[in-house]
Amino acid sequence: MALTSCVSKKKYAELEAKNKETQDLLNSCTVKLNSCLEEKAGLAATAESYKQHNQDLINSSKDLTILTTKGAENLEKSLESLKEKDLKISRLQDALTKKDSVTLALVTSLKGAVGINDPDIEINVEKGVVFISIADKLLFKSGSYDVSDKAKTVLAKVAKVVNDKPDFECMVEGHTDDVPYKSNGIILDNWDLSVKRSTSIVRVLTNDLGVNPAKLIAAGRSSYVPLVANDSPENKARNRRTRIVVMPKIDQFYDMIEKEMKKQQK
């Protein structure tokens with residue numbers, strides 16, 4: 001009753017309304033504060049996530065830099081390796097060109113000395129090797145391995161050219177047709193005949209014509225490497241032959257390449 005007497009109902013109602021308004025405002029502020037706090041926490045989490053992501057990017061960037069540096073080093077090494085290989089290939093090609101030039105000069109000398117118009121003498125080049133094929137009728141009598149005087153004239157021309165080329169060696173190959181050789185107790189078969197003919201040529205080249213024996217190789221091929229089928233007398237005659245293979249010494253050839261490479265490195 002004392003409150004009633006001190007404060008009028010009207011005044012009390014106003015205070016009550018003001019208090020409610022203040023309480024509503026407080027409640028609204030509390031809600032907004034909580035919302036702001038939640039938003040702040042979310043932003044803080046987002047900021048932390050961005051910070052971590054940024055750090056990850058920095059770390060990745062460092063790793064990428066390392067990888068890029070290593071990749072660049074590997075690429076540089078690869079390019080250097082390719083350059084070295086290209087240089088070696090170039091030097092090898094130069095050496096091969098020089099070898100081919102020497103071979104061409106040899107062919108020219110042989111054709112000039114022996115004569116290219118004789119149908120019983122063939123001179124050709126395959127893969128840098130010179131082949132001189134001489135029909136047996138110029139060298140031997142049928143079934144014999146004794147070298148004829150006419151053959152020595154031809155072989156003398158070959159020997160002169162070979163002697164002028166100290167960096168080459170020769171393999172003398174005897175070839176027969178496929179007619180079985182009737183053994184006479186000395187020669188057993190076509191193998192024997194082809195080898196005997198080869199060694200006979202080698203002896204003439206060394207003993208009579210001064211070719212260095214260390215440059216010669218004697219070989220017999222029997223009838224197993226024919227030029228043509230042994231189906232006619234003419235073809236059999238073609239297959240009976242002695243082939244002289246003139247080739248650069250392998251060690252000399254590699255020495256030539258090595259010298260060229262060392263020259264390029266200076």
Side-chain angles (χ1 to χ4, degrees), residues 103 106-107 110-111 113-163 165 168-250:
T103 303
L106 176 62
V107 173
L110 282 167
K111 287 186 175 180
V114 178
I116 59 175
N117 296 322
D118 193 329
D120 295 317
I121 302 175
E122 295 182 4
I123 301 174
N124 55 66
V125 180
E126 294 177 16
K127 298 180 180 179
V129 178
V130 180
F131 297 94
I132 308 168
S133 185
I134 307 173
D136 270 7
K137 66 181 181 180
L138 290 181
L139 303 175
F140 310 101
K141 292 180 180 180
S142 178
S144 171
Y145 55 88
D146 292 327
V147 181
S148 67
D149 291 335
K150 184 178 180 181
K152 292 179 182 178
T153 303
V154 176
L155 292 175
K157 296 177 181 179
V158 175
K160 182 180 184 305
V161 177
V162 172
N163 284 334
K165 304 294 179 184
F168 285 76
E169 58 187 13
C170 301
M171 180 164 63
V172 181
E173 292 181 348
H175 295 260
T176 69
D177 57 26
D178 65 347
V179 177
Y181 186 86
K182 294 180 181 179
S183 175
N184 59 7
I186 299 175
I187 299 175
L188 299 180
D189 51 21
N190 282 335
W191 277 113
D192 267 358
L193 180 60
S194 65
V195 173
K196 285 282 189 181
R197 286 181 167 178
S198 173
T199 53
S200 293
I201 296 296
V202 166
R203 289 190 184 97
V204 170
L205 290 172
T206 56
N207 297 338
D208 300 341
L209 301 174
V211 176
N212 181 0
K215 296 175 63 175
L216 298 176
I217 304 166
R221 306 300 298 270
S222 186
S223 61
Y224 298 104
V225 191
L227 292 175
V228 292
N230 285 288
D231 54 5
S232 69
E234 292 77 14
N235 283 353
K236 289 179 186 293
R238 283 195 65 192
N239 290 329
R240 294 191 302 270
R241 69 201 186 278
T242 295
R243 188 171 76 159
I244 301 175
V245 185
V246 185
M247 50 195 172
K249 292 181 180 178
I250 298 300

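Only a predicted model underlies this, so the values are computations on that prediction, with no experimental measurement involved.
Two residues are said to be in side-chain contact when any heavy atoms from C-beta on lie closer than 4.5 Å; L205 and V172 meet this criterion. For the pair I132 and E122, the minimum side-chain heavy-atom distance is 4.5 Å or more. In this structure, L139 and Y145 have side chains that are not in contact, with every pair of non-hydrogen atoms separated by 4.5 Å or more. Within the 4.5 Å cutoff, the side chain of F140 has heavy atoms near those of the I201 side chain.
Annotation: K137, atom NZ; neighbour count of heavy atoms from other residues, nucleotides and ligands within 6.0 Å does not exceed 12.
The two residues L193 and S144 come nearest to each other via the heavy atoms CD1-O, 4.2 Å. Taking both residues in full, the closest heavy atoms of R221 and V225 are given as NH2-CG2, 3.3 Å, listed atom of the first, atom of the second, then distance. Taking all atoms of both residues into account, the shortest heavy-atom contact from T199 to K196 is OG1-O, 3.0 Å. In this structure, S148 and L138 approach most closely via the heavy-atom pair OG-O, 3.2 Å. Of all heavy-atom pairs spanning S194 and G174, the tightest one is CB-O, 3.3 Å.
The side chain to side chain contact (heavy atoms under 4.5 Å, CB included) test applied to V204 returns V147, K152, L155, D208, L209, not counting sequence neighbours.
R238 places no side-chain N or O within 3.5 Å of a backbone atom of A135 that could act as its donor or acceptor partner. With S222 contributing its side chain and Y224 its backbone, the two residues share no donor-acceptor pair below 3.5 Å. A donor-acceptor distance shorter than 3.5 angstrom exists from the side chain of N163 to the backbone of A159, with no hydrogens or angles considered. At distances below 3.5 Å, not a single donor-acceptor pair connects side-chain atoms of S200 with backbone N or O atoms of D146.
With values rounded to the nearest 0.5 angstrom, S133 atom OG is found 5.5 Å from L227 atom CG. The structure places CG of N230 at 9.0 Å from CZ of R240, a figure rounded to the nearest 0.5 Å. Between the CG atom of L216 and the SG atom of C170 there is a distance of 6.0 Å, given to the nearest 0.5 Å.
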Can Y181 and I187 be said to form a side-chain contact (heavy atoms from CB on, under 4.5 Å), step by step?
CA-CA 8 Å; Y181 186 86; I187 299 175; 3.5 Å; yes
Can you check side-chain contact (heavy atoms from CB on, under 4.5 Å) on N239 and H175, steps first, answer last?
CA-CA 7 Å; N239 290 329; H175 295 260; over 6 Å; no
side-chain contact (heavy atoms from CB on, under 4.5 Å) for D178 and N190? Distances and angles first, verdict last.
CA-CA 8 Å; D178 65 347; N190 282 335; 5.9 Å; no
As a quick check of understanding, evaluate side-chain contact (heavy atoms from CB on, under 4.5 Å) for S223 and D177, giving each step before the final call.
CA-CA 5 Å; S223 61; D177 57 26; 5.8 Å; no
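Pairs engaging residues 181-190 under the salt bridge (Lys or Arg N to Asp or Glu O under 4.0 Å) rule: none recorded [sequence neighbours left out].
Look at E173 and R243 and you find a salt bridge, because one of the NZ, NE, NH1 or NH2 atoms lies within 4.0 Å of a carboxylate O, short of that distance. By the 4.0 Å N-to-carboxylate-O rule, D136 lies too far from R241 to be salt-bridged with it.
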